[in-house]
Structures are given as structure tokens and as C-alpha cells.
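Reckoned from all heavy atoms, side chains included, excluding hydrogens, waters and symmetry mates. Source: prediction; values computed, not measured.
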Amino acid sequence: MRYPKPLQPGGTIGFIAPSFGCAIEPYKTRFDNALRLFREMGYKTYLGPNCYESSGIGISNTPEKCGEELTDVMTTGVSRYDSESGEKADAIITCGGGELMCEVVPFIDFEKIATSEPKWYMGYSDNTNYTFLSTILADTAAIYGPCAPAFGREPWHESITDALKLLTGEKTEFVSYDLWEKEEISEEEEARRALLPYNVTEPAKYFYYLPQEEGKAYSGKLLSGDELTIDNTVSEDIRNGINIRGRLLGGCVDILTLHVGTKTDKVAEFLEKYKDDGFIWFLECCDLDPLSMRRAFWQMREAGWFKYVKGFMIGRPLHFDEEALGVDQYNAVTDILGNLGAPIIMDLDIGHVPPMMPIVSGSLAEVKAYGNKINVKYIFA
């Protein structure tokens, strides 16, 4: 696995828009403020040609131009249209998620990226089309983390600081956060005050589903983090924390399933290459309702993607606390993945519901979950 060099003090942060650009509010205001803050911190910035574009359908520009921008900046640090601009990107943060970055994928030159000096790429949601494929097609780690406008909110939430410290190499071990944002601020307030910080009000509460073991009362059922730490039927070693070591793989489930069975589906080969490490899948859902979630997990399971799995880290879905035909966000997962012999930890700080821990796709990791906390340590090997 190839790991990029850390972003250095005074280095250049590049911004590209292979999915949505920052053309509308509140994202434009947040992005502009993020640029100001980064420059005040001593960083230089490079803006790709699509950062403020909105001429595409579900993405910033045409698929061809978005693919060109991404390939160019990831391989040379600059777009072919800005060859005389001076600054070249050392690390990349994308402008946003979106809807149709899948159409950009055929125009991304993963072979060229795989033979170029690696650069950190950070984004989430629709950016799974790159963070996941960079891992399995270019053997290059990428960061599933916040997009550029999040860095324009003030004051920064700890998760935003963590994301920058991962880019700079100052921090490779992360702990989850105490509160999360269940209710976003109103659209009216967001339009009036675009730079408001996350509205974190809800205490973190995890749920666990442990592999079935004969004679173990806690196996094969869902337990809250609180129950897991106080239930006397749970062995002491598990009450003290669930430890998993493996190579991280995953992203937004809405996007991952698009690649099942396509020519970009090289998951089987990747799993065989790193099978001795085993895999920790980090997964979160955006638009999927509980029934769609269940179908998606079934599809990935039946495609063989969860071979050699050591554990699952499931983020809070955007459709939180919904139910349909007896299916909710929990049994949508446990009924499908619960028989794979790996622990499942749910409602983590991953993805669309702020805050989000920065997750390094492709990295070896040591994960310890205990009660309503999780610790993730990256091992760049």
C-alpha cells in the first residue's frame, strides 16, 4: 500500500471538484472562508478549474473535464489548463460530495495515478468513487474525511482539526467524539449565518452485535455500549473493549454498490493480495432508507466483498431512526452481516452525520471500541 507524504508547513493544499463544486450557498461562503483560514495558517492554496463550476449534471462540469482535473492534480499537482500557475498541490481536499461522480470514473487514469508520487486525497460521500477505487485500483491510501467547506465553519470542531492533523502527519491515532448533530440548523439560519459550527447536541451511543458463540448470552443480539460494559454475562475481556486489527476498506454504501460487478470491481483481487491482514469495513449510508440499506449490504455480501472480514464499523445513517416493514438501521445490518463471524459496531462518527472521524482507506488499523467510544490507530504499512 502506498501512503502519501504528510503535508508540510507552508505547503500547498489543492482543491478540486470531481463531484459538486462550491458554486452555491452556503458552500461558496464556507469555501472562501476556508481558503482564508488556510492562508492565515501559512499554507498556500491551489484551485483547480472546476472549484466554482456548476455547469455539469450532478457534478461540477462534464465527466471528461472532472476526470481530467482529478487525474492532473493527483499526478502533477496542477491542471493541464493551469500549467503556468506556479503553485502545485501537495495534498488535495475536494470541494464537495454530489450525485453523479460515478460518471467521472471512466475518465480517471488510475494507472497513471498508481505510478505517480502519491498525494493525500480527502473527501467523502460521492468521493467514495475515488477514495475506494484509489485503494483497490492504484494501491494508494486515501482519506474518507470532510470536504473543503467544512473547514470554513468557525470555530472548528475537533473533528476538523483532526482531519488537518492527519494530512500533516501530526496525528495518526484518533478517538471518537462525545456529541453528534442530530438536528441541523434551519435552512433560514444556515443561509443567514453560513459559517455556523456543527450543531452537536446528542451524546454518542454505540450499538454492538458480536459473533455468535455457544453458551454466550450476549452473542447474536444487539447490545448498547452501556449494556456491553455492565452486563455480567459478557466476559471481562469484552467489557474492557473489543479489539480489531485489519486493513480498512469502505466508504458510502450508496456509491460502493454502484461498482459491484463493473469493470472497476477489483475487490476480489485486492482481498487476496492483503488477506493476511484481514479487513475492517467502514460503511455509512446517505440516501438509502432501511430497506435500501438492507438490499445494499446483501448485494455486497453476495458479491464476496466481505471475505476475510475482521470487523465492521458502521456510521450513523442520514436516515436515522427510520423504519419500514420491520426493518430499521440496525437489523438492516445485523440480519445480513451478523453471520459472518465478525463484530459489528454501529452509530459511529463516520460519514454524513457530523462530526466524522477521518478514516484512511487502505491503511492497516488497530481499532478498540469500548462502551460509547472508539479508538482508531493507523499503521502505515
With a sphere of 6.0 Å drawn around NZ of K165, does it hold more than 12 non-hydrogen atoms of other residues, nucleotides or ligands? no
Qualifying residue, where the test is side-chain contact (heavy atoms from CB on, under 4.5 Å) with S361 and the options are Y144, F282, Y121: F282
Look at the side chain of E302 and the backbone N and O of Q299, then say whether any donor-acceptor pair between them is shorter than 3.5 Å. no
Under 4.0 Å between a side-chain nitrogen and a carboxylate oxygen: does that hold for R316 and D347? no
Is it the case that over 12 heavy atoms from other parts of the model lie below 6.0 angstrom from the CH2 atom of W298? no
So that I can tick it off, tell me whether E117 and K5 are bridged by a salt bridge, with the cut-off set at under 4.0 angstrom between side-chain N and carboxylate O. yes
Between R294 and D335, is there a salt bridge with N-O shorter than 4.0 Å? yes
One thing to verify: whether D90 and K119 come together as a salt bridge, which I'm taking to mean a side-chain N less than 4.0 angstrom from a carboxylate O. no
Is the number of heavy atoms from other residues, nucleotides or ligands within 6.0 Å of CD (E269) greater than 12? yes
Before accepting this row, confirm whether a basic side-chain N of the pair D277/R245 lies closer than 4.0 Å to the acidic partner's carboxylate O. no
Below 4.0 angstrom, N of the basic side chain to O of the carboxylate: do R36 and D32 qualify? no
Salt-bridge criterion met for K275 and E272 (N-O under 4.0 Å): yes
Okay, side chain of N199, backbone of E181: is any donor-acceptor separation there less than 3.5 Å? no
Side-chain donor or acceptor of T76 paired with backbone N/O of V78 under 3.5 Å: yes
ILVMFWY cluster, L70 and F20 together (side-chain gap under 4.5 Å): no
Flag yes if more than 12 heavy atoms outside K377 fall under 6.0 Å of its NZ atom; otherwise flag no. no
